[in-house]
Amino acid sequence: MEASTAPRTRCLLDENTFTENFMNQIRARKTYLCYKVEILDGDTWVPLDENKGFVHNKGANQPGQPCHAELYFLDRIRSWNLDRGLHYRLTCFISWTPCHTCAQNLATFLGENSHVSLRIFASRIYSLPGCGAGLRTLQAAGAQIAIMTSKEFEHCWETFVDHQGRPFQPWDDLEVVSQHLCEKLQAILQTQQN
DNA sequence: ATTTTCAAT
């Protein structure tokens, strides 16, 4: 008889966890970050499905030092020891844009790892003081930063959520809010100061 | 035009 020791099901987000954290018109008090990795083969990006997953921050209400989601993400990237002779594209879908410090850390990582490109799609804009400058620094380091639209929400649902075969159900005003945030992000990225 | 948000008034 077969022991049921099939490889552990890949870690997927619970449906409600996804919705509660990625809905773009609310302000969740935590951050989730879903990531995927592709490798450049000729002129084609090939998915590395084994390097797909998600992380979330550790809040001040939990034991130990608080830690933003981006730092856990950087830990995972480093643990993969990506081959410096190849080229990789990381894509992350994050419920809040990175704070100033995390943006700086990501920018430094990109500066030290020219074999890695980064694309960020964010559900909402974290806009405490300094965040705009952080995002501009990150963009200047080569990262692409954009707001999640229904296309990205649906992609996340299909890729990272334990949806049991159910299709993504957009929430009210998803498109309207996304469009507004997109315009706001463009203004932030084009600003010269603050 | 929307704001206090990777918790704890």
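As the structure is a computational prediction, the values presented were derived from the model and not from experiment. Below, chain A is the first sequence line, B the second, and so on; all start at residue 1.
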Reading nucleotides 3-9 of chain B from 5' to 3' and marking B where a protein heavy atom lies under 4.0 Å of the base, S where only the sugar-phosphate is that close, and - otherwise, the string is BBBBBB-
Taking the same atom, P, in B/dC6 and in B/dA1, what whole-Å distance lies between them?
26 Å
Pairing residues for A/Arg76 by the salt bridge (Lys or Arg N to Asp or Glu O under 4.0 Å) criterion, not counting sequence neighbours
none
Test side-chain contact (heavy atoms from CB on, under 4.5 Å) applied to A/Asp83 - qualifying residues, sequence neighbours left out:
A/Leu86, A/Tyr88
Please name all residues satisfying side-chain contact (heavy atoms from CB on, under 4.5 Å) with A/Asn16, sequence neighbours left out, ordered by chain then number.
A/Asp14, A/Glu20
A/Ser150: which residues meet the side-chain hydrogen bond (donor to acceptor under 3.5 Å, both in side chains) condition with it, sequence neighbours left out?
A/Glu175
Does the side chain of A/Thr31 come under 3.5 Å of the side chain of A/His56 through a donor N or O and an acceptor N or O?
no
Listing request: all salt bridge (Lys or Arg N to Asp or Glu O under 4.0 Å) pairs with a residue in residues 87-97 of chain A, at least two apart in sequence or in separate chains.
A/Glu38-A/Arg89
Sequence-distant partners of A/Glu15, salt bridge (Lys or Arg N to Asp or Glu O under 4.0 Å), two or more places apart
A/Arg166
Other ILVMFWY residues reachable from A/Phe160 by side-chain steps of under 4.5 Å:
A/Leu13, A/Phe18, A/Phe22, A/Met23, A/Ile26, A/Tyr32, A/Phe54, A/Phe93, A/Phe121, A/Met148, A/Phe153, A/Trp157, A/Val161, A/Phe168, A/Trp171, A/Leu174
Interface residues of residues 140-148 of chain A with DNA chain B (non-hydrogen, below 4.0 angstrom):
none
